[in-house]
Structure formats: structure tokens, C-alpha cells
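Here the structure is laid out as C-alpha cells; the discussion comes afterwards.
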Number of protein chains: 2
Amino acid sequence: MDAPPETLEKPAANKERLRLWIRLLRAARVVEGELRDRLKREFDTTLPRFDVLSALYRQPEGMLMSDLSRFLLVSNGNVTGIVDRLVTDGFVVRANRDGDRRTSIVRLTEAGSARFAAMAEAHEIWIAELLGEVSEEDARRLSVMLKAFRSNWENEH
Amino acid sequence: MDAPPETLEKPAANKERLRLWIRLLRAARVVEGELRDRLKREFDTTLPRFDVLSALYRQPEGMLMSDLSRFLLVSNGNVTGIVDRLVTDGFVVRANRDGDRRTSIVRLTEAGSARFAAMAEAHEIWIAELLGEVSEEDARRLSVMLKAFRSNWENEH
DNA sequence: GCAAAATATTTCAACCTTGAAATTTTAGGC
DNA sequence: GCCTAAAATTTCAAGGTTGAAATATTTTGC
């Protein structure tokens with residue numbers, strides 16, 4: 001016997017999930033907005049640029065455009081524009097890859113790496129400050145839940 | 001004696017908060033992306049338009065542009081554009097308010113109200129489906145945490 | 001080898017988003 | 001009653017975002 005589909009199982013649970021989603025989205029927007037302001041004020045940059053630098057910082061050997069797009073959960077065309085601007089600013093380079101002329105490896109420059117290191121340090125402090133009310137215990141629990149949510153999602157899609 | 005500032009209190013807790021933030025942001029993006037796709041496919045609309053309709057649906061007497069902006073956590077100029085397009089589509093009207101010619105009350109039309117009701121029904125099911133792995137118990141706990149986070153934020157800002 | 005399918009990326013139009021400047025109207029001080 | 005400040009909104013430029021179409025290259029099947 002199959003279990004009934006989740007969505008019909010218990011109406012109250014679904015209302016609770018809806019409330020959860022709305023609050024999660026609002027919390028994310030509040031924090032995101034604050035980070036955007038601070039990145040602009042203190043480093044004259046944007047959140048998407050920060051995200052790209054962050055991804056590249058973890059992969060010193062570089063990433064393909066499609067790697068970036070998949071990792072950041074944004075479209076290919078989007079990454080093109082952001083990387084273009086980062087190249088103009090001198091924080092990133094596109095290196096030719098012999099063997100496949102369709103692709104190029106995107107890598108941080110020295111300047112980009114140094115710049116990101118400074119931003120990351122501030123960023124960590126900002127998050128500590130913005131999420132200061134969340135206890136270490138709560139943070140751990142919530143974090144585990146969200147990780148489970150995501151791996152589950154990845155497996156199904 | 002004052003307690004030490006949160007950010008210096010315990011480095012491990014801050015790492016945990018940083019991890020939490022990253023996971024929260026990713027979860028929000030995954031769900032948001034899926035909602036965007038479905039709203040487009042099934043109702044030929046966008047998330048920001050849905051958000052505006054949703055806000056207006058809860059306030060049948062209408063809202064000022066600045067009310068919408070504050071409630072949705074987006075800029076004034078942003079709301080102007082979205083409402084303009086909703087007016088063009090016939091889902092929303094701007095009514096003159098006697099007494100103050102700077103402002104106008106934005107309200108749902110009959111069509112807008114009916115349209116939103118249909119979308120809201122689907123939306124609730126989608127969320128139930130997307131967050132199906134989160135137990136009712138977890139949802140409630142998480143939801144309470146996020147609510148506390150937000151009221152705390154509101155009080156400080 | 002070559003045509004066709006698959007892959008990686010860019011381009012583009014439409015929309016979303018912000019923050020700052022401009023516009024319009026109202027409220028206050030005198 | 002004026003003049004100035006305040007308030008609500010719109011306008012605008014720059015950038016972010018998507019999805020679809022276009023481009024360029026590589027791989028596959030035969």
C-alpha cells in the first residue's frame with residue numbers, strides 16, 4: 001500500500017510549510033539587502049560579483065562558465081555578463097584551454113584574489129553580526145535541516 | 001560588566017552561522033527558481049507580480065505605493081514598474097485619493113482578485129510539494145526561529 | 001571523412017532591481 | 001498668504017536575471 005501523497009497527508013502541515021517558506025524568504029531578503037548595502041558602501045561591488053569571486057576563490061585552478069552557472073544556480077547568460085565586468089575590473093581572466101576552443105577557464109587574478117580575501121573577512125563578520133541572535137545550537141540544527149533539504153532536492157532533480 | 005560583543009564571543013559559532021547563511025540562501029534560491037518556472041509556465045507571470053498581487057489581496061481596501069514597497073522589502077521605483085505592468089494587464093487599478101494628490105490607492109480589480117486566488121491555490125500546493133521533506137514539527141520550529149529573527153531585526157532597525 | 005547531434009558559450013529582448021535625482025504636492029513657520 | 005521643508009511618487013541609468021535563439025566547436029554514427 002502506498003502512502004498518500006505528501007500534499008494530501010495533512011492540511012495543517014502544509015499551512016505550516018507555507019508559513020515557513022514565507023518567513024524564510026523574508027529573512028533571506030533582509031540579510032541579502034543588508035549585505036548588498038555593505039558590499040556597495042565598503043567595497044564598491046555587488047552581491048553577484050561577490051558570489052562569482054567566492055566560487056573562483058575555492059577553485060584556484062579555475063572554472064568553466066558552465067561550472068559557475070551550475071554552482072551559483074544562475075543562468076549561463078547571466079554569468080557571461082558578470083564575468084565580463086569582472087574581467088574589465090581586472091579581478092578575473094579567461095584563459096584559453098587547449099583541446100577545446102568552445103570553452104575557456106575563468107580564474108582569479110592576483111588582484112581578484114586579494115580583493116576577495118578582504119571582502120570574505122568582512123563578510124564573515126557581517127554575517128556573525130546579522131545572525132547574532134541565532135544561537136550556535138540553533139544554527140547547527142537549522143543548518144543540518146537545510147543541508148538535508150538540499151541533498152534531497154539534488155537527488156530528485 | 002558588559003558581555004563581550006557577539007562577534008568575538010566564540011569563533012566556532014560564527015563559522016556555524018556563516019554555514020547556515022549559505023545554506024539558507026541556497027535553499028531559498030532553489031525554491032524560488034522552481035516557483036518562478038511554474039508561475040511562468042502555468043500562469044504566464046512572474047514572482048514579483050505574484051508578490052504584489054498577494055500583498056494587495058490581503059488588503060482589499062488597497063495600499064499606497066510606499067506601503068507596498070515597505071511590505072515587499074523592495075525599492076519605491078521598483079514597485080512603480082511592476083504596478084504599471086499590472087495595470088496594463090488589468091489586474092490592478094490606481095484610485096485617486098481625495099485629500100492628497102501625491103498619492104493613489106492601489107487596489108486589485110475583480111480580474112486581479114480572481115487571478116490571484118487561482119495562483120494562490122496552486123502556490124500552496126507547490127510549496128507543500130517542494131518542502132514536503134520538512135516535517136510538520138521541523139517546519140514549526142524553524143518557522144518560530146525565523147519569526148524571532150525577524151522581529152528582532154525589526155526592533156533594531 | 002562527413003553530416004548530424006550534442007556541447008559550451010554568447011547574444012538579446014524583456015523584465016526586475018537599486019539608488020539617486022527630479023517632480024509634484026502638502027505641511028509648517030512666520 | 002508665502003517660502004521652505006517634508007513627503008510620496010516617478011524617472012532614469014546601470015546592473016542583474018531569465019529563457020530562447022544564435023554561434024562556434026566537438027563528438028558520434030555511419
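Within every chain, numbering begins at 1; the chains are lettered A, B, ... in the order of the sequence lines, protein sequences first and strands thereafter.
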Which atom pairs, donor and acceptor, lie under 3.5 Å between side-chain atoms of residues 21-29 of chain A and protein residues at least two apart or in another chain?
residue: A/Arg23; atom: NH1; partner: B/Ser143; partner atom: O; Å: 3.3
residue: A/Arg23; atom: NH1; partner: B/Ser143; partner atom: OG; Å: 2.9
residue: A/Arg26; atom: NH1; partner: B/Phe71; partner atom: O; Å: 3.3
residue: A/Arg26; atom: NH2; partner: B/Phe71; partner atom: O; Å: 2.3
residue: A/Arg29; atom: NH2; partner: B/Asp51; partner atom: OD2; Å: 3.4

Does a salt bridge link A/Glu154 with A/Arg150, judged by any charged N lying under 4.0 Å from a carboxylate O? yes
Considering only heavy atoms, which members of residues 51-59 of chain A lie under 4.0 Å from some atom of DNA chain C? none
D/dT26 phosphate, OP1 or OP2, under 4.0 Å from A/Arg101 side-chain N/O: yes
Interatomic distance, B/Asp44 CG vs D/dT18 C1' [rounded to whole Å]: 14 Å
Minimum heavy-atom separation for B/Gly90 and B/Thr109, please, with both atom names. O-OG1, 2.8 Å
Is a side-chain N or O of B/Ser104 found less than 3.5 angstrom from the main chain of B/Asn96, in a donor-acceptor match? no
Sorted by chain and residue number, the side chain to side chain contact (heavy atoms under 4.5 Å, CB included) partners of A/Ala139 (sequence neighbours excluded) come out as A/Val134, B/Glu16, B/Arg17, B/Leu20
Between B/Arg49 (CZ) and C/dC15 (P), how many Å, whole number? 6 Å
Side chain to side chain donor-acceptor pair (under 3.5 Å) filter on A/Asn152, not counting sequence neighbours, yields none
Measuring from B/Asp138:CG to A/Leu142:CG, what's the distance to the nearest 0.5 Å? 9.0 Å
Listed pairs, N/O of protein and of nucleotides 3-7 of chain C, under 3.5 Å:
residue: C/dT7; atom: O2; partner: A/Arg102; partner atom: NH1; Å: 2.7

List the residues meeting ring pair (Phe, Tyr, Trp, His ring centres under 6.0 Å) with B/Tyr57, not counting sequence neighbours, and say none if there are none. B/Phe116
Identify every side-chain donor-acceptor pair in residues 37-47 of chain A under 3.5 Å, counting partners at least two apart or on other chains, and give the distances.
residue: A/Arg38; atom: NE; partner: A/Glu34; partner atom: OE2; Å: 3.1
residue: A/Arg38; atom: NH1; partner: A/Glu129; partner atom: OE1; Å: 3.4
residue: A/Arg38; atom: NH2; partner: A/Glu34; partner atom: OE2; Å: 3.3
residue: A/Arg38; atom: NH2; partner: A/Glu129; partner atom: OE2; Å: 3.3
residue: A/Thr46; atom: OG1; partner: A/Arg49; partner atom: N; Å: 3.3

Across the strands shown, which category fits A/Arg97 at heavy-atom distances under 4.0 angstrom: base, sugar-phosphate, nothing? nothing
Please list, by residue number, the residues of residues 27-39 of chain A whose heavy atoms come closer than 4.0 Å to an atom of DNA chain C; answer none if no residue qualifies. A/Arg36, A/Asp37
Please check if the number of heavy atoms outside B/Glu61 that lie under 6.0 Å from its CD is greater than 12. yes
Report the residues that fulfil side chain to side chain contact (heavy atoms under 4.5 Å, CB included) with B/Glu137, sequence neighbours left out, ordered by chain and then residue number. B/Ser135, B/Arg141
Reckon B/Thr103 has a side-chain N or O less than 4.0 Å from the OP1 or OP2 of C/dT25? no
How close or far is atom P of C/dT17 from atom CG of A/Leu47, stated in whole angstroms? 14 Å
If you take any heavy atom closer than 4.0 Å to DNA chain D, which residues from residues 61-96 of chain B end up in contact? B/Leu64, B/Met65, B/Ser66, B/Asn76, B/Gly77, B/Thr80, B/Arg94
Through direct or indirect side-chain contacts below 4.5 angstrom among Ile, Leu, Val, Met, Phe, Trp and Tyr, which residues connect to A/Leu64? A/Ile105
Would you list the pairs meeting side-chain hydrogen bond (donor to acceptor under 3.5 Å, both in side chains) in which at least one residue belongs to residues 82-93 of chain A, sequence neighbours left out? A/Asp84-A/Arg94
